[in-house]
Amino acid sequence: MQVEKKEFKPTIVAFCCNWCSYAGADLSGTNRLNYPANVKIIRVPCSCRVNPMFVLRAFQRGADGVIICGCHPGDCHYTTGNYYARRRMTLLFSMLDFLGIERDRTRLEWVSAAEGAKFAKTMNEFVEAVTKLGENKRLEDLRCKKQ
Amino acid sequence: MQRIGVFVCWCGSNIAGTVDVHKVAEALKSEPGVVIATQYQYMCSEAGQTLIKDAIRDHKLTGIVVCSCSPRMHEATFRKTAAAAGLNPYMVEIANIREQCSWIHKDMEVGTEKAIILGRAAIAKVHLNAPLVAGESPVVKRALVIGGGIAGIQTALDIADAGFPVDIVETKPTIGGKMAQIDKTFPTLDCAACILTPKMVDAAQHDKINIYAYSEVAEVKGFVGNFSVKIKQKARMVDPVKCTGCGLCVEKCPMKKVPNEFNLGMDKRSAIYIPFAQAVPKVATIDPTACLKMKTGKCGLCATVCEAGAIDYTQQDSFIEEKYGAIVVATGYNPINLDQFDEFAYNQSPDVVTSLEFERLTNAAGPTAGTLLRPSDGKHPHTLVFVQCVGSRCDGAEKGKSYCSKICCMYTAKHAMLCREKYPDTEVYVFYIDVRTPGKNFDEFYRRAVEEYGVKYIKGMVGKVAPQADGSLLVQASDLIEGEQLKIKADMVVLAAAIEPDQSARPLATMLTASMDTNDFFTEAHPKLRPVESPTAGVFLSGCCQGPKDIPETVSQASGAAAKVIGLLVKDSLTCNPCVAHSDELMCNGCSACEKVCPYGAITYQDKEFRMPDRTTAIRRVASVNPAVCQGCGACTVACPSGAMDLNGFSNSQIMAEVDAICK
């Protein structure tokens, strides 16, 4: 009997803004564009709704990568939300890098409602980058870890 | 503890094809709080909705999760279903297992596993949902139409005929747009001016329509039902009320060497001008870059001859602020700049013209009074070559557009036909990649050009147009069907330039927060089912700003947009989105961080009296959110350092619960 080697499948949390990126994700589905099943999307009204706390929580609970997608600069449904997200996440990601969560595990990307192909491509690239880094062990709460 | 019902939809085979719906329902049944988990072929169908309603009543459900298509598709449907069964509609959560699961993955096991996780996340969220009640906001019963071409005029007329006041904002001194420049229209060959100018007059005389010509939208604030728009009226240096449009000033103006935009620079106009005879409003405008009085201070002849005393050299740009319930974008198109297309010698020879220029050359009101003459020497041309797809369908090329400009095949057939009809001695060639003539009576029209008028259609691209010493143009092209290289000595070459959205569209889209595609065409809310609405509520699309269109299509879309606007304006109030921010006054420390990031000014500060633990009272400054103004972006919730600000429907605890469920 062949011993099955378990392939590492990272857990990826994707925060997508309702107006552009979530619709872009829907479009990549409508166009049947593949991306790995590890990506689970959480819908938020705007990329500026993503509290740094949510990203920390994800890493604490065992996520291997977190990606935030919003409307392109200038196209935010709420005019300026994605600018806030950009500033906040730039700071957060550099702090996480300092804490040992590699820069490639976090990403901020602009995906419009018309960019289904870009969404799929971004997710494929991101999953590949995170898979390369392997399992994230840094911020995981040991109390929550399954034994 | 909530009593939750889970409803897994098959969506025929759309979901059931790659997700084992029975397994998903079975797995979710054991989640905490779930009292019923079931599946059905089509949850959105009448029978599916009845199943949900019955379950809500029978099991006394306090929250439901529907595992189905995207919430963008059917969230509203299932909220209505819940409301019909007496459940608060905001106690519904959707797990998107179609667009973001079954359609993405091919493997049943992978799809099923992901669907279960997405279902768990939705269940975790619905546990923390709270019943929400939507408020109402009033609708301003007035519409704004941006752009005064045929699209804007038609939309405005239809809205005004339904009894609502409409303002048209047009950047040019007159309404009419591109259609005013066109000579004849396909496929009927009736004169464009004869069908357009009466509509322009109708718009001007309609008591519900107000035209702001020579004006621009400077600022847009607000939201559906209640937009506040600042309109910039550019200084004409002429009082539009006093000016009678007699044209005496135009006649007397000594500066007569200004390229005439209306004839695409093919003739000259004076510094004070009326774009064309049927202009609406028929009011003169001074071009400050050409006017001698404006430039040197000497002249002032127009003011002397104007009997109405309408000339005012001191006029400044002015601003008007107006409130609107709905905004229609009708900014139209322009032919692309052909500087990059050196091979067609557009910049080297005046006899190489664009189709729109050709339109002016055949127009009775154009620079040649309708006689077809070569721009270089004013002689009658004998051989004409029409080149199609100049800059259209250039996918992958560094220049041009990837899309088909849609109207060129038909207007080229029209030009070729008119040429042969008026001047039977001419030889007319049309080079094409494909001839695309879908439309009522369109293919018949094209066939008439070939069969009755003897226009020579050649499948192939023109490689080079070389101006010759004798003034002719040597056209080198390939005939793809005969497989031979052709050299044609032509007198004129007409380029069917691709069309692109007007340059004003991009900044306008930013002001309206309406989205655009990669070519700067406005995106519709749904490409098939909501083609005249933009994804931004209250903003509608009309004409070529949404994509290339011919006149019949533009007019139908314009009326479609008008119908949607009327549907909005007849309402006295709109239901507000209850998913708005709210502040916990006990936690708020009054720091104003939230106020600074709010794009809508929805947050204000108030001094409130609080009872302290020692039974004394204290006055504290706390934030409060105006739910009618808040749009629910959530920027404030992240800015708040004390965690007092939270968002209904997307609360901190709800999103964290989703994160936990996914990372489990």
Side-chain angles (χ1 to χ4, degrees), chain A residues 11-13 15-20 22-23 25-46 48-55 57-63 66 71-72 74-81 84-85 88 112-115 120 123 144 146, chain B residues 69-73 94 96 98-107 109-111 113-114 117-118 121 125 506-507 509-511 513-518 523 535-536 577 579 597-600 631-640 643 647 649-650 652 655-656 658-664:
Chain A
T11 304
I12 308 281
V13 179
F15 292 97
C16 290
C17 83
N18 181 44
W19 305 96
C20 288
Y22 195 87
D26 278 354
L27 185 65
S28 77
T30 310
N31 293 340
R32 311 296 196 273
L33 301 170
N34 277 77
Y35 58 83
N38 331 29
V39 179
K40 312 286 191 305
I41 297 168
I42 294 179
R43 185 165 69 126
V44 286
C46 176
C48 74
R49 176 65 188 95
V50 180
N51 199 313
M53 195 162 72
F54 304 158
V55 180
R57 176 80 153 213
F59 283 121
Q60 186 193 30
R61 292 294 157 106
V66 175
C71 307
H72 283 269
D75 289 350
C76 176
H77 182 78
Y78 304 102
T79 324
T80 49
Y84 293 123
R88 288 168 186 161
S112 83
E115 293 175 329
M123 291 306 150
C144 303
K146 273 182 248 164
Chain B
C69 53
S70 171
R72 294 173 59 86
M73 191 86 186
I94 309 284
N96 184 345
R98 190 178 78 171
E99 280 86 347
Q100 295 180 4
C101 185
S102 72
W103 278 353
I104 301 290
H105 312 303
K106 293 197 175 82
D107 187 294
E109 205 177 315
V110 170
E113 194 193 325
K114 182 171 174 179
I117 296 174
L118 293 177
K125 187 178 180 191
R506 172 56 68 178
T510 306
M511 275 191 263
T513 68
S515 54
M516 286 186 138
D517 66 14
T518 46
T523 332
T536 304
N577 169 22
C579 295
V597 297
C598 179
Y600 303 100
Q631 297 295 297
C633 67
C636 56
T637 60
V638 185
C640 180
L647 189 64
F650 294 94
N652 289 330
I655 297 174
M656 300 257 252
E658 284 184 274
V659 170
D660 289 358
I662 288 170
C663 296
K664 214 190 268 175

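So that the names make sense, note that chain A is the first sequence line, chain B the second, and so on, each numbered from 1.
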Checklist line | Option that, when pairs with chain A are counted at under 4.5 Å, heavy atom only, ranks first among E658(B), E99(B), M73(B) | finding: E99(B)
Notebook entry, point to check: What distance do K125(B) atom NZ and R43(A) atom CZ have between them, rounded to the nearest 0.5 Å?
Noted result: 6.5 Å
Checklist line | Option that, when pairs with chain B are counted at under 4.5 Å, heavy atom only, ranks first among C17(A), A58(A), G81(A) | finding: A58(A)
Note to self: Is there a side-chain contact between W103(B) and N31(A) in this structure, where contact means two heavy atoms from C-beta onward sitting under 4.5 Å apart?
What the structure shows: no
Notebook entry, point to check: F54(A) versus chain B, heavy atoms under 4.5 Å apart: side chain, backbone, both or neither?
Noted result: both
Notebook entry, point to check: By a 4.5 Å heavy-atom criterion (distance strictly below it), what part of D107(B) contacts chain A: side chain, backbone, both, or neither?
Noted result: neither
Item checked: Side chain / backbone / both / neither for A121(B) at chain A, heavy atoms under 4.5 Å -> neither
Margin query: Within the structure provided, determine whether D75(A) and M516(B) are in side-chain contact (heavy-atom separation under 4.5 Å).
Written below: no
Margin query: Need one label for V13(A): side chain, backbone, both or neither, based on atoms under 4.5 Å from any heavy atom in chain B.
Written below: side chain
Margin query: Give me the atom names and distance for the closest heavy-atom approach of R88(A) to A635(B).
Written below: NH2-O, 3.1 Å
Note to self: Tell me whether K114(B) contacts the main-chain N or O of V39(A) through its side chain, where contact means a donor paired with an acceptor under 3.5 Å.
What the structure shows: yes
Notebook entry, point to check: Mind checking whether N96(B) and I41(A) have side chains closer than 4.5 Å, heavy atoms only?
Noted result: no
Item checked: Between T80(A), I42(A), N18(A), the one whose heavy-atom pairs under 4.5 Å with chain B are most numerous -> I42(A)
Note to self: With a 4.5 Å cut-off on side-chain heavy atoms, are W19(A) and T513(B) touching?
What the structure shows: no
Checklist line | Contact origin within A23(A) toward chain B - heavy atom pairs under 4.5 Å | finding: both
Note to self: Is A113(A) in contact with chain B via its backbone, its side chain, both, or neither, using a 4.5 Å heavy-atom distance?
What the structure shows: neither
Item checked: Smallest separation among heavy atoms of Y78(A) and C633(B), with atom names -> CG-CB, 3.2 Å
Item checked: Part of V66(A) lying under 4.5 Å from any heavy atom of chain B -> neither
Check: Is any side-chain heavy atom of V638(B) closer than 4.5 Å to a side-chain heavy atom of C48(A)?
Finding: no
Checklist line | T30(A), part contacting chain B, at a heavy-atom distance under 4.5 Å | finding: both
Next item on the list: Please determine, among D660(B), I662(B), T518(B), L647(B), the option with the most heavy-atom pairs under 4.5 Å with chain A.
Entry: D660(B)
Check: Tell me, side chain or backbone of A639(B) under 4.5 Å from chain A's heavy atoms, or both, or neither?
Finding: both
Item checked: Which of T523(B), I117(B), L118(B) touches chain A most, by non-hydrogen pairs under 4.5 Å -> I117(B)
Next item on the list: Taking all non-hydrogen atoms of both residues into account, name the closest pair between P71(B) and Y22(A) and its distance.
Entry: CD-OH, 3.3 Å
Check: Under a 4.5 Å heavy-atom cut-off, does chain A meet the side chain of R98(B), its backbone, both or neither?
Finding: neither
Check: If only atom types and distance count, is the side chain of R49(A) paired as donor or acceptor with the main-chain N or O of T637(B) below 3.5 Å?
Finding: no
Next item on the list: Would you mind checking which part of S515(B) comes under 4.5 Å of any heavy atom in chain A, side chain (CB onward), backbone (N, CA, C, O), both or neither?
Entry: neither
Next item on the list: Using modelled atom types only, decide if a donor and an acceptor are shared between the side chain of R57(A) and the backbone of V659(B) within a distance under 3.5 Å.
Entry: no
Notebook entry, point to check: Under a 4.5 Å cut-off applied to non-hydrogen side-chain atoms, are H77(A) and Q631(B) in contact?
Noted result: no
